[in-house]
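Everything below concerns the one structure shown next.
Just so it is clear, the structure is predicted and the values come from calculations on it, not from any experiment.
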Amino acid sequence: MPELPEVETVRRGLSSLIIGKTIKSETHDTEKGFPNTEADVRSFLIDATIIDIRRRAKVLMIDLSTGYSLLIHLKMTGQLVFVGDTRFGAGHPNDSLVNILPDKSTRVTVQFTDGSALYFNDQRKFGWVRLLPTIEIPNIDFMQKVGPEPLAKEFTAKEFMQRFSRRSKTNIKAALLDQSVVAGVGNIYADESLWGAKLHPQRLVSSLSEQEFETLYNELRSVMNIAIEKGGSSNHTYVNAEGKKGSYMNFARVFRREGLACPRCGTTIEKMRVAGRGTHICPYCQQL
DNA sequence: CACTTGACCTGTCCGC
DNA sequence: TGCGGACAGGTCAAGT
């Protein structure tokens with residue numbers, strides 16, 4: 001999925017839809033996707049009221065009145081879709097993607113006491129949900145390792161540049177995708193921001209000038225802010241909490257636009273493989 | 001440690 | 001229309 005802008009869009013949607021609701025029941029398929037015991041679920045999830053929804057990097061945290069939180073990672077194809085009233089479909093968006101829920105990809109279902117429900121759907125089953133004490137969250141491995149939030153007010157261009165020192169011998173695309181450098185960047189916004197900064201994805205991190213880092217910092221923040229305004233990117237499976245798609249892909253300048261003209265210079269956009277991922281560039285604007 | 005590559009899954013699309 | 005292979009918003013555990 002879901003990179004920072006998509007997860008943030010889901011967070012905002014869920015905040016207005018489920019805060020204050022009380023959980024009546026929960027079901028899930030595999031232990032891999034939801035490793036907690038039945039006893040944990042009974043003690044800390046059932047009858048809990050949702051008090052807040054937060055995000056760190058690409059991870060969502062649903063804080064509960066029991067002092068526990070549901071942590072959720074959507075990985076590539078995860079969705080969190082809210083359905084108003086499962087008996088009548090009231091509040092259920094008229095979107096072909098979510099006409100019938102639960103469906104084949106539904107892995108976790110949370111029923112609320114008012115008849116509404118939250119579905120965690122995940123076609124590829126890479127995503128996960130887990131329940132843990134809220135105060136333990138900062139101690140988990142992921143939170144210890146993950147880099148700063150790129151959109152935080154206090155996050156500066158200088159700090160951005162300094163974070164890359166740990167990945168000086170790799171290419172800039174691989175470094176951007178490394179969650180321990182900066183949080184929340186994925187394949188779409190890596191390509192889009194590199195195009196914005198006119199940087200070839202295979203440029204060695206150690207070759208970038210201070211000026212180039214500053215431009216990349218500005219482009220990354222700009223692209224992510226625009227993506228949040230547009231409700232994220234929907235290439236395929238991504239939908240927000242109401243089951244609706246985001247519109248960033250209508251705005252994208254290079255991502256998934258191979259064969260089309262670069263909006264800046266008209267050169268045909270090319271697709272290549274960098275850091276094991278499909279990578280889109282303008283071969284004129286972004287030279288090695 | 002830093003870096004790269006394959007594995008985890010299911011579905012879809014493209015070429016034969 | 002069928003079938004194989006490549007590929008897909010992301011991490012991880014291995015390997016070098």
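- Within the nucleic acid shown, A/G232 has no heavy atom closer than 4.0 Å to any nucleic acid atom.
- A salt bridge links A/R12 with A/E8: the distance from a Lys NZ or Arg NE/NH1/NH2 to an Asp or Glu carboxylate oxygen falls below 4.0 Å.
- Regarding contacts with the backbone of B/dC9, every side-chain N or O of A/Q123 stays at 4.0 angstrom or more from both OP1 and OP2.
- The residue A/K271 sits close only to the backbone: its heavy atoms come under 4.0 Å of sugar-phosphate atoms, none of a base.
- Heavy atoms from other residues, nucleotides or ligands lying under 6.0 Å from NZ of A/K158 number 12 at most.
- In terms of phosphate contacts, A/T170 brings a side-chain nitrogen or oxygen within less than 4.0 Å of OP1 or OP2 of B/dT4.
- At the phosphate of C/dG9, neither OP1 nor OP2 sits under 4.0 Å from any side-chain N or O atom of A/K58.
- Contact annotation: A/R256 reaches the phosphate of C/dG9 (side-chain N/O to OP1 or OP2, under 4.0 Å).
- Using N1 to N3 plus N6-O4 or O6-N4 for Watson-Crick, or N1-O2 and O6-N3 for G-U wobble, each under 3.5 Å, C/dG9 pairs with nothing.
- Look at A/H73 and you'll find a side-chain N or O under 4.0 angstrom from OP1 or OP2 of C/dT11.
- If you check every strand for non-hydrogen atoms under 4.0 Å, A/Y189 touches nothing.
- One P atom belongs to B/dC14, the other to C/dG9, and the distance between them is 16 Å to the nearest Å.
- Within the 4.0 Å cut-off from OP1 or OP2 of B/dG11, at least one side-chain nitrogen or oxygen of A/K104 is found.
- Cation-pi check for A/R257 over A/W195 is not met; the charged atom does not lie both under 6.0 angstrom from the ring centroid and within 45 degrees of its normal.
- In this structure, A/F126 does not count as stacked on the base of C/dT11 under the 5.5 Å centre distance and 30° plane angle limits.
- In this structure, A/N235 does not reach the C/dG9 phosphate: none of its side-chain N or O atoms is under 4.0 Å from OP1 or OP2.
- For A/K32 and B/dC8, the shortest distance from a side-chain N or O to OP1 or OP2 is not below 4.0 Å.
- C/dT11 atom P lies 13 Å from atom CG of A/L60, rounded to whole Å.
- Of the side-chain N and O atoms in A/K169, none sit less than 4.0 angstrom from OP1 or OP2 of B/dC3.
- When the side-chain nitrogen and oxygen atoms of A/R124 are compared with OP1 and OP2 of B/dC8, none of them lie within a distance under 4.0 Å.
- Below 30°, between 30° and 60°, or above 60°: for A/F160 and A/F155 the angle between ring planes is above 60°, a perpendicular geometry.
- Judged by Watson-Crick or G-U wobble contacts below 3.5 Å, the nucleotide C/dG4 has B/dC14 as its partner.
- Across all strands shown, A/G276 has no heavy atoms under 4.0 Å from either base or sugar-phosphate atoms.
- Comment: A/D122 does not engage A/K75 in a salt bridge, judged by the lack of any side-chain N to carboxylate O separation of less than 4.0 angstrom.
- Using a 4.0 Å heavy-atom criterion, one finds that A/S233 contacts the bases of the nucleic acid, with or without backbone contacts as well.
- Backbone-only contact: A/R273 has heavy atoms under 4.0 Å from sugar-phosphate atoms and none from a base.
- A/Y189 and A/E6 are linked by a side-chain donor-acceptor pair at a separation below 3.5 angstrom, with hydrogens and angles left out of the test.
- When heavy atoms are screened at a 4.0 angstrom cut-off, A/S168 is found touching the sugar-phosphate backbone but no base atom.
- Base orientation of C/dG9: syn, since the glycosidic angle falls within 90° of 0.
- The side-chain ring of A/Y238 is not stacked on the base of C/dG9, judged by centre separation under 5.5 angstrom and plane angle under 30 degrees.
- For A/T237, the listed nucleotide lying nearest its side chain is C/dG9; candidates were C/dG9, B/dC9, B/dC3.
- In this structure, A/M76 places its CE atom 15 Å from P of B/dT10, rounding to the nearest Å.
- Remark: A/D191 does not engage A/R253 in a salt bridge, criterion side-chain N to carboxylate O under 4.0 Å.
- Atom CG in A/D178 sits roughly 14 Å away from atom P in B/dC1 (whole-Å rounding).
- Regarding A/E6, its CD atom lies at a distance of 12 Å from the P atom of C/dT11, rounded to whole Å.
- When the nucleotides C/dG10, C/dC12, B/dT4 are ranked by their closest atom to the side chain of A/A174, B/dT4 comes out on top.
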